[in-house]
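For reference, the structure is listed below as structure tokens.
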Amino acid sequence: MAEGIAFLKRNCICGVLGMDYVGREVILNGWVNRRRDHGGLIFVDLRDRSGIVQVVFDPSHAPEAHAIAQEVRTEYVLAVRGIVRKRPAGTENPELPTGEVEVVAREAEVLNPSETPPFSHQDRTQTDEFIRLKYRYLDLRSPRMQANLELRHLAAQTVRAFLTEEGFWEVETPILFKPTPEGARDYLVPSRVSPGNFYALPQSPQTLKQLLMVAGVEKYFQLARCLRDEDLRADRQPEHTQIDMEMSFVEPDDIFDVVERMLQRLFQETIGAELKIPFERITYAEALRRFGTDKPDMRFPLELVDLTDLVANSQFQVFSRTVASGGQVKGINAKDCACYTRSQLDNLTDFAKQHKAQGLVWLLVKEGPVLESPVAKFLSEEEQAGLIERFQARPGDLLLIVADQPAIVAESLDWLRREMARRMGLIQPGAWKPLWVVEFPMFAWNEEEKRWEAEHHPFCMPHPDDLDLLDTDPGRVRAQSYDLVINGVELASGSIRIHRRDIQQKIFDLLGITPEEAEKRFGFLLKAFEYGAPPHGGIAPGFDRLVMMLAGEENIREVIAFPKTQRAQCLMSGAPCEADPQALRELHIKVELPPQE
RNA sequence: GGGGCUGUAGCUCAGUCGGUUUCAGAGUGCCGGCCUGUCAAGCCGGAGGUCGCGGGUUCGAGUCCCGUCAGCCCCGCCA
């Protein structure tokens with residue numbers, strides 16, 4: 001081997017060292033995690049991916065190695081040859097997995113020095129994310145990020161192993177493709193050899209996986225990168241990974257079954273958590289009625305109670321007028337919260353108003369039970385008794401009521417319900433409550449554009465009982481679609497697809513997609529469906545969100561090696577950046593920016 | 001496209017009412033010295049700042065106002 005390249009190569013890793021290694025000579029390679037210079041003895045905590053071990057440099061035993069240890073600094077890459085020995089009595093470090101032993105250095109070699117790092121994961125402070133992202137390769141050295149990367153890897157391997165056992169094939173689909181029918185903005189890639197034409201980066205492999213069903217693959221999956229040019233959030237990146245799945249000859253139950261067992265195994269093998277299967281199921285309509293949202297957090301009760309009929313003729317006009325104008329009156333019972341102070345109640349009212357409610361009616365349940373509230377005098381005895389009964393209220397409870405149009409009642413009470421669960425400490429740490437939400441509406445009415453839109457996507461199969469409604473009342477058509485919600489987070493979305501040309505045509509008609517447009521956008525798919533498309537369906541659990549959940553992270557960036565900022569930039573590399581003029585010429589692209597001040 | 005929070009030393013932050021012996025400060029890191037059992041080593045010393053950037057108000061701005069840039073959170077959008 002050439003001079004300067006040969007080095008003291010490791011034959012052991014740091015994290016495994018323990019009493020069973022005592023007396024052995026090992027060679028370790030790693031980074032200087034910390035150095036403690038006592039003038040005579042120097043201690044170096046050497047770190048590799050597996051962990052940290054203390055190396056002792058003693059000038060009286062190995063002066064040359066000691067001299068090198070004097071020169072090294074944090075994050076230097078170091079090779080050490082030495083003897084593992086039990087630490088002297090009283091100097092063991094119980095905080096460190098390898099803390100019973102240490103390595104007495106005989107020889108050391110600096111494999112590479114390091115600049116002083118701009119920040120250290122050993123600081124007790126939390127480094128600003130801007131700095132972490134700029135030096136992401138340093139940030140990824142932290143135990144937290146290493147653990148997240150490993151967890152993500154383990155999750156991917158578990159999913160692959162499980163689906164392989166179930167007979168799925170992993171098929172890679174192209175990244176350069178056509179716009180997908182998902183409704184988000186596409187990332188476009190210009191074609192050099194076909195001037196003026198563009199690829200779209202896939203928002204999902206939706207059409208391709210359906211083609212794989214036509215192709216007879218029967219069970220497909222892919223850890224698929226999905227790209228959408230939309231604004232970012234704590235749980236949204238421009239590129240994310242889905243466990244994309246599709247199966248032939250299935251009904252929703254078949255898909256639920258395989259996903260439930262997959263997640264059960266995934267939670268078990270990554271974090272040792274037990275998911276009970278089958279998961280609970282409710283319809284979209286029921287979710288909205290009971291929780292005000294299509295992704296309810298089932299870790300706590302606080303269900304919405306409907307009072308609309310009870311107060312329809314109330315003297316309290318906030319209630320009766322709302323009902324008369326087609327609105328609803330609903331509320332939640334916050335058990336044992338009647339002790340809330342006036343300022344706490346005002347604070348809750350503000351919270352409800354921030355989430356679109358016009359106001360919040362609160363009633364304290366006192367001994368009797370009787371209701372205490374500024375509005376109590378407007379409520380008849382029957383109404384008060386009815387409220388107490390309907391809320392199953394007991395002295396000490398706090399009733400929170402919103403009267404408004406149904407959508408606003410749902411939204412504000414959903415927020416209020418989650419906020420009260422937080423304030424009341426109703427969420428048990430480590431609780432997992434998966435839930436299938438089924439039978440989403442097929443269409444949503446776009447008021448601005450005065451037309452129907454697909455709630456999921458246009459290849460979603462309508463509920464068999466609702467096929468007639470396609471002609472008469474599209475708004476009531478339920479889709480054979482389903483979401484998987486865990487702890488209030490939407491984790492997967494899927495459906496049974498349309499494999500019959502006549503139904504597909506009807507859907508396109510309703511969505512206002514002309515035959516010409518359908519031909520242009522998905523002609524390749526429709527054509528394929530004419531050659532014996534099997535009944536099929538699928539689902540796509542969001543892999544980043546899953547890992548985020550398993551890792552207990554609040555932010556998707558913590559489980560992605562090189563994430564982007566909210567402005568979709570990579571602070572480390574500076575992407576996106578200007579293109580080379582020559583490259584633009586070859587692509588026949590002229591950049592025209594808005595005038596600058 | 002909109003709302004909110006943040007921006008002061010490499011990093012994490014304090015900086016009160018606009019001034020005066022707190023106005024360029026602390027901890028940590030860094031550099032140097034001492035130190036043979038530390039593990040957040042210790043002790044002594046030192047260097048280090050365009051207070052994000054631009055403009056304005058004022059006798060005087062880290063501090064007040066306007067604009068702008070960047071990061072984060074949220075709404076819209078989207079999964």
Side-chain angles (χ1 to χ4, degrees), chain A residues 33-47 52-61 66 69-70 73-75 85 87-96 98-99 102 104 114-135 138-139 180 182-186 203-204 206 224 226-242 244 294-295 354-356 411 415 448 455-457 483-485 489-494 539-546 554-557 563-569 571 596-597:
Chain A
N33 201 59
R34 200 170 247 137
R35 172 178 164 277
R36 292 176 294 280
D37 186 347
H38 285 242
L41 287 183
I42 296 175
F43 299 97
V44 167
D45 291 340
L46 195 68
R47 181 194 76 234
I52 290 174
V53 70
Q54 171 167 284
V55 181
V56 190
F57 293 87
D58 189 332
S60 60
H61 287 124
H66 182 266
Q70 278 184 317
R73 294 293 181 268
T74 307
E75 298 305 321
R85 81 167 171 206
R87 290 196 187 190
T91 66
E92 301 88 353
N93 183 355
E95 303 293 316
L96 203 62
T98 62
E102 62 193 3
V104 186
S114 169
E115 292 290 317
T116 302
F119 65 93
S120 167
H121 60 258
Q122 296 154 66
D123 288 351
R124 272 79 62 198
T125 51
Q126 269 204 320
T127 306
D128 191 272
E129 204 179 355
F130 182 93
I131 302 290
R132 290 179 57 203
L133 291 175
K134 184 170 176 187
Y135 299 95
L138 296 181
D139 186 40
T180 9
E182 297 274 349
R185 205 175 279 119
D186 285 312
Q203 296 177 36
S204 82
Q206 181 60 39
C226 302
L227 301 112
R228 299 170 200 210
D229 187 4
E230 295 292 347
D231 288 350
L232 282 66
R233 283 286 192 289
D235 59 353
R236 267 159 40 186
Q237 281 276 304
E239 39 187 318
H240 76 286
T241 304
Q242 288 184 340
D244 195 44
D294 60 0
K295 44 176 182 176
Q354 278 166 30
H355 297 286
K356 299 187 184 168
E411 185 178 337
W415 278 100
E448 269 179 32
E455 181 77 23
H456 192 46
H457 56 64
D483 274 8
L484 176 63
V485 177
V489 176
E490 186 192 320
L491 260 188
S493 199
I539 191 164
F543 188 62
D544 310 272
R545 284 187 182 175
L546 248 166
E554 301 272 313
N555 194 298
I556 200 168
R557 293 185 298 274
K564 303 215 170 28
T565 68
Q566 205 158 45
R567 286 189 63 241
Q569 303 210 342
L571 293 178
Q596 295 214 325
E597 289 297 309

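Throughout, a chain's letter reflects where its sequence line sits, starting with A, and its residues are numbered from 1.
Stacking of the aromatic ring of A:H38 onto the base of B:rA41 is found: the ring centres lie under 5.5 Å apart and the planes are inclined by under 30°.
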Nucleotides 1-14 of chain B: protein proximity per nucleotide (B base, S sugar-phosphate only, - neither; heavy atom, under 4.0 Å): B--------SSS--
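Rounded to whole Å, the separation between the C1' atoms of B:rG29 and B:rG46 comes to 14 Å. If you take atom P in B:rA79 and the same atom in B:rC13, they sit 35 Å apart, rounded to whole Å. Atom P of B:rG27 sits at a distance of 11 Å from the matching atom of B:rC44, rounded to the whole Å. Separation of the C1' atoms belonging to B:rU58 and B:rC64 is 10 Å when rounded to the nearest angstrom. Atom name P, nucleotides B:rU8 and B:rG62: the rounded distance is 15 Å, in whole Å. On the P atoms, B:rU6 is 22 Å away from B:rG10, given to the nearest whole Å. Separation of the P atoms belonging to B:rG1 and B:rU68 is 12 Å when rounded to the nearest angstrom. Here, B:rA47 and B:rG25 have their C1' atoms 16 Å apart, quoted to the whole Å.
Checking B:rG67 for Watson-Crick or G-U wobble geometry (two distances, each under 3.5 Å) identifies B:rC53 as its partner. Searching all strands for a Watson-Crick or G-U wobble partner of B:rA9 with both distances below 3.5 Å returns nothing. As the counterpart of B:rC72, B:rG4 is assigned, both hydrogen-bonding distances of the Watson-Crick or G-U wobble pattern falling under 3.5 Å. The partner of B:rC30, taking Watson-Crick or G-U wobble pairs whose two distances both stay under 3.5 Å, is B:rG46.
Side chain of A:R34, nearest nucleotide from B:rA40, B:rC39, B:rG37: B:rA40. The side chain of A:R236 has B:rC77 as its nearest neighbour among B:rC77, B:rU38, B:rC30. You'll find that the side chain of A:H240 is closest to B:rA79, out of B:rG71, B:rU36, B:rA79. Taking the side chain of A:R85 as heavy atoms from C-beta on, and the options B:rC30, B:rG37, B:rC78, the nearest nucleotide is B:rG37.
Residue A:F130 is in sugar-phosphate contact alone, with no base atom involved, counting any heavy-atom pair closer than 4.0 Å across all strands shown. Using a 4.0 Å heavy-atom criterion, one finds that A:Q237 contacts the bases of the nucleic acid, with or without backbone contacts as well.
Applying the 4.0 Å criterion to OP1 and OP2 of B:rC77, one finds that A:R228 has every side-chain N and O outside that range. Taking only side-chain nitrogens and oxygens, A:Q566 comes nearer than 4.0 Å to OP1 or OP2 of B:rC73. Applying the 4.0 Å criterion to OP1 and OP2 of B:rA41, one finds that A:R36 has a side-chain N or O inside that range. Checking the phosphate oxygens (OP1, OP2) of B:rC73, a side-chain nitrogen or oxygen of A:N555 falls inside 4.0 Å.
Listed for the A:R35 side chain is a donor-acceptor partner under 3.5 Å among the backbone atoms of A:Q70.
Between A:H355 and A:W415, the two ring planes are parallel [angle under 30°; tilted spans 30° to 60°].
Rounded to a whole Å, the CG atom of A:L41 is 8 Å from the P atom of B:rU36. Taking atom NE2 of residue A:H61 and atom P of nucleotide B:rG37, one finds them 14 Å apart after rounding to whole Å. A:Q54 places its CD atom 11 Å from the P atom of B:rA40, with the value rounded to the nearest Å. Rounded to whole Å, the distance from CD on A:E92 to C1' on B:rU38 is 13 Å. Whole-Å rounding puts the A:Q242 CD to B:rC78 C1' distance at 12 Å. In this structure, CG of A:L232 is placed 13 Å from P of B:rC75, rounded to the nearest angstrom. A straight line from CD of A:Q122 to C1' of B:rG27 spans 17 Å, rounded to a whole angstrom. The CD-P distance, from A:E102 to B:rG37, rounds to 12 Å in whole Å.
A donor-acceptor contact under 3.5 Å is not formed by the side chain of A:R567 with the base of B:rC72.
With rounding to the nearest 0.5 angstrom, the NE2 atom of A:H240 is 3.5 Å from the CD atom of A:Q242.
A residue-by-residue look at A:R35 and A:P88 shows that A:P88 has its nearest nucleotide of RNA chain B further toward the 5' end. The 5' end of RNA chain B is approached more closely, in terms of each residue's nearest nucleotide, by A:E95 than by the other of A:E95 and A:E239.
Salt bridge annotation for A:K356-A:E411: present, with a cationic side-chain nitrogen under 4.0 angstrom from a carboxylate oxygen. We find that A:E129 and A:R557 are joined by a salt bridge, their nearest charged nitrogen and carboxylate oxygen being less than 4.0 Å apart. Ion pairing between A:R87 and A:E92 fails under the 4.0 Å rule for side-chain N and carboxylate O.
A heavy-atom distance below 4.5 Å is not found between the side chains of A:R236 and A:R228.
Listed by chain and number, the residues in a side chain to side chain donor-acceptor pair (under 3.5 Å) with A:K134 amount to none (sequence neighbours excluded). The side chain to side chain donor-acceptor pair (under 3.5 Å) check on A:D58 picks up A:S60, A:H61, with sequence neighbours excluded.
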Stepwise side-chain contact (heavy atoms from CB on, under 4.5 Å) test for A:D235 and A:R545: CA-CA 7 Å; A:D235 59 353; A:R545 284 187 182 175; 3.4 Å; yes
